[in-house]
Amino acid sequence: MLKRSKYCGQISEEDLGKELVLCGWVHRVRNHGGVVFIDLRDREGIVQVVAEEKTYPQAYEVADSLKSEYVIAVRGTVRRRPPGTENPKLKTGNYEVLAQEIQILNTSDPLPFPVDEETHISEELKLRYRYLDLRRESMKENLLFRHRAYQVIRRVFLKHGFVEIETPFLTKSTPEGARDFLVPSRLHPGKFYALPQSPQLFKQILMVAGFDRYFQIVRCLRDEDLRADRQPEFTQIDFEMSFVEEEDVMNFSEELICTLFSELLGIELKRPFERISYTSAMERYGTDKPDRRFGLELIDLTDIFKNTEFKVFADAIKSGGVIKAINFKASNLSRKEIDELTQFVQSLGAKGLAWIKVEEGKLNSPIVKFFNQQEIEELLKRTHAQAGDTIFFSADQKETVYKILGNLRLHIAKKYKLIDESKFDVLWIVDFPLMEWDEEENRFVALHHPFTSPKEEDIPLLKQALETPHIEEKKELISKVRARAYDMVINGYEVGGGSIRIHKREVQDLVFKLLGISQVEAEEKFGFLLNALRYGAPPHGGLAFGLDRLIAIMRGLDSIRDVIAFPKTQKGVCPLTGAPDYVSPKQLKEVHIKEMG
RNA sequence: GGAGCCGUAGUUCAGCCCGGUCAGAACGCCGGCCUGUCAAGCCGGAGGUCGCGGGUUCAAAUCCCGUCGGCUCCGCCA
């Protein structure tokens with residue numbers, strides 16, 4: 001067998017006149033009768049191989065029989081292409097390899113879809129034949145980019161003295177958070193391991209162990225429904241530091257992100273990253289992960305309508321809600337377009353969508369007739385309304401208004417292409433509430449996770465909240481308690497989040513109590529962490545980045561499937577392997593599982 | 001659990017709204033020609049359970065119901 005001496009994509013000036021051996025896949029064949037052109041492709045790119053009948057008849061004969069995606073080895077000489085026949089689309093387009101010998105290493109059946117960038121293939125087919133999909137230039141580049149990111153990440157961590165340590169995949173199911181994937185234990189009938197949602201507890205324990213700075217690029221697993229940016233298994237860049245405060249973790253995180261952007265994209269992000277509070281993000285964008293590359297900010301109008309005759313608005317205010325609006329400037333929307341947007345918000349659970357089209361000298365709207373002159377004037381002023389604008393309203397409980405307008409804002413931006421895709425909007429969200437009331441569970445739940453430290457100055461509020469028997473007062477007090485947490489957001493995606501952790505047993509007990517986790521339950525589920533906190537736990541904090549999201553954003557991709565070699569479909573299926581699948585009764589018996597009728 | 005979009009040759013799609021030469025195109029595939037192409041070109045050919053099941057109708061790719069699958073979103077995701 002001929003042994004490769006160079007990658008196709010790396011043929012350059014220095015190879016002129018040299019004889020070398022290339023190995024790769026037949027990307028395309030162009031047979032002109034007497035001369036055959038082969039675009040030969042490998043990991044590094046494509047080069048044109050020429051087989052001429054008159055110079056090397058044997059090589060020509062083989063070339064003549066080649067089909068798409070045959071695997072071949074070519075021995076030949078690099079030469080400059082004849083003037084006028086260069087191909088500027090190829091990196092190697094000034095050269096070609098005159099084949100002296102061609103060996104067919106393997107043939108290929110006709111492909112189920114072409115290995116090119118032009119054809120849009122359905123996700124199911126792409127994943128079933130992932131090995132063909134990954135031969136495509138863009139997919140190959142996505143994975144090579146990800147590979148380069150790993151190298152940069154490791155270098156930055158090493159530079160700062162972080163220690164890479166692996167944590168268990170077979171671990172203990174813990175309450176709170178996402179649904180666990182469970183693994184039945186063969187040796188312990190009826191017992192289960194859980195696959196980790198993240199190495200959270202282990203990294204904290206490593207801090208107690210004194211490793212001081214830990215990192216890991218690690219798979220995390222959550223049994224929840226999928227989205228374009230959510231897979232059941234995904235990768236975190238996880239790290240934790242001892243003897244630090246928020247600034248230290250955020251500072252390091254910024255360096256890591258800046259280095260990635262600089263080295264992989266040649267983009268210098270401005271430091272420090274801007275910070276906005278959770279409350280301000282919610283009020284202005286209706287979400288805690290705002291995309292600020294376009295306007296359409298939420299405008300509060302509650303005070304303007306506090307005495308309004310308009311029943312919908314009045315009712316919302318009366319029941320403690322708010323009135324907010326967004327102004328789609330210069331949109332000149334048709335009635336049909338407004339109807340489409342109405343349908344969109346209805347799919348989010350809104351009853352309808354109130355709107356005003358601002359026209360030259362008049363307002364076109366089904367609701368202005370309910371407003372008095374003063375309300376109209378103030379609302380137009382507050383929203384900076386001009387002819388051509390369309391103003392959309394939402395009046396409801398705060399959470400609902402945020403959800404409706406936050407999503408409408410994004411929907412409009414995408415639909416009407418208001419987003420400058422060449423920009424990266426990077427920011428921190430800080431001052432998260434520590435907990436929020438969960439109506440369904442009828443208790444407080446941690447916004448981040450139960451090990452997140454409250455701000456020192458807010459701890460008295462927690463104690464007060466614990467003592468008061470009045471639930472409304474409790475809610476009021478708790479809502480004021482802020483967490484020492486921080487999320488990094490890029491282009492409207494949460495790419496990372498972390499916090500300073502609780503390292504004092506008493507504080508952890510206090511938080512568990514307020515979360516309604518009993519002493520017994522806490523001991524049973526998190527006892528190992530609580531115990532660790534007794535034995536000299538240093539103050540510590542950390543953060544975890546979603547590597548898949550980060551890479552997808554950097555590559556300008558909409559779905560993290562495109563940066564994962566073998567992802568799952570929206571139903572959690574792997575079309576390549578057929579997982580998940582049934583297992584034999586014998587296997588089930590071994591792990592003590594009986595099928596339900 | 002819910003909403004929306006999609007499903008027609010190997011592939012990408014048109015046809016569906018208005019039921020009746022609507023089984024079509026391009027690429028790919030097969031055969032032939034061709035010495036400078038590069039998404040080569042020219043000539044010829046094969047190829048479809050219109051996702052699946054049911055219903056309406058004289059007649060269904062087309063209308064209706066159900067179901068499966070893919071995608072996007074809501075819920076869910078500390």
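Chain naming here is simple, since letters A, B, ... match the order of the sequence lines and numbering starts at 1 in each. What you see is a predicted model; the values in this text were computed from it and never measured.
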Please evaluate the base of B/G51 for a donor-acceptor partner in the side chain of A/Glu124 within a cut-off of under 3.5 Å?
-> no
Is a donor-acceptor pair below 3.5 Å formed from side chain A/Arg79 to base B/G36, judging by atom type as modelled?
-> yes
Is there a donor and acceptor pair, one atom on the side chain of A/Arg227 and one on the base of B/C71, closer than 3.5 Å?
-> no
Would you state whether a donor and an acceptor, one from the side chain of A/Arg561 and one from the base of B/C71, lie under 3.5 Å apart?
-> no
Are the ring of A/Phe37 and the base ring of B/U37 both nearer than 5.5 Å at their centres and tilted by less than 30°?
-> yes
Would you please determine if the base of B/A40 is stacked by A/His32, with stacking meaning a centroid separation under 5.5 angstrom and planes under 30 degrees?
-> yes
Toward the 5' end of RNA chain B, which comes first, A/Leu90 or A/Val445, by nearest nucleotide?
-> A/Leu90
Options B/G36, B/G69, B/A3, nucleotide nearest the side-chain atoms of A/Glu52 = B/G36
Is the shortest side-chain N/O distance from A/Arg30 to OP1 or OP2 of B/U37 below 4.0 Å?
-> no
Pick the P atom in B/G75 and in B/C16, then give their distance to the nearest Å.
-> 38 Å
Using the closest heavy atom to pick a nucleotide of RNA chain B for each, name whichever of A/Ser68 or A/Ile121 lands nearer the 5' end.
-> A/Ile121
With the side chain defined as heavy atoms from C-beta on, A/Lys403 is closest, among B/C74, B/C71, B/C30, to B/C74
Counting only distance, no hydrogens or angles, is the base of B/C77 paired donor-acceptor with the side chain of A/Arg222 under 3.5 Å?
-> no
Describe the nucleic acid contact of A/Lys54 in one word from base, sugar-phosphate, nothing, applying a heavy-atom distance below 4.0 Å.
-> base
Separation of A/Lys89 atom NZ from B/U37 atom P, in whole Å?
-> 13 Å
From the candidates B/G75, B/U37, B/U12, the one with an atom nearest any side-chain atom of A/Thr85 is B/U37
Does a distance-only test, which skips hydrogens and angles, find a donor-acceptor pair under 3.5 Å between the side chain of A/Gln48 and the base of B/U37?
-> yes
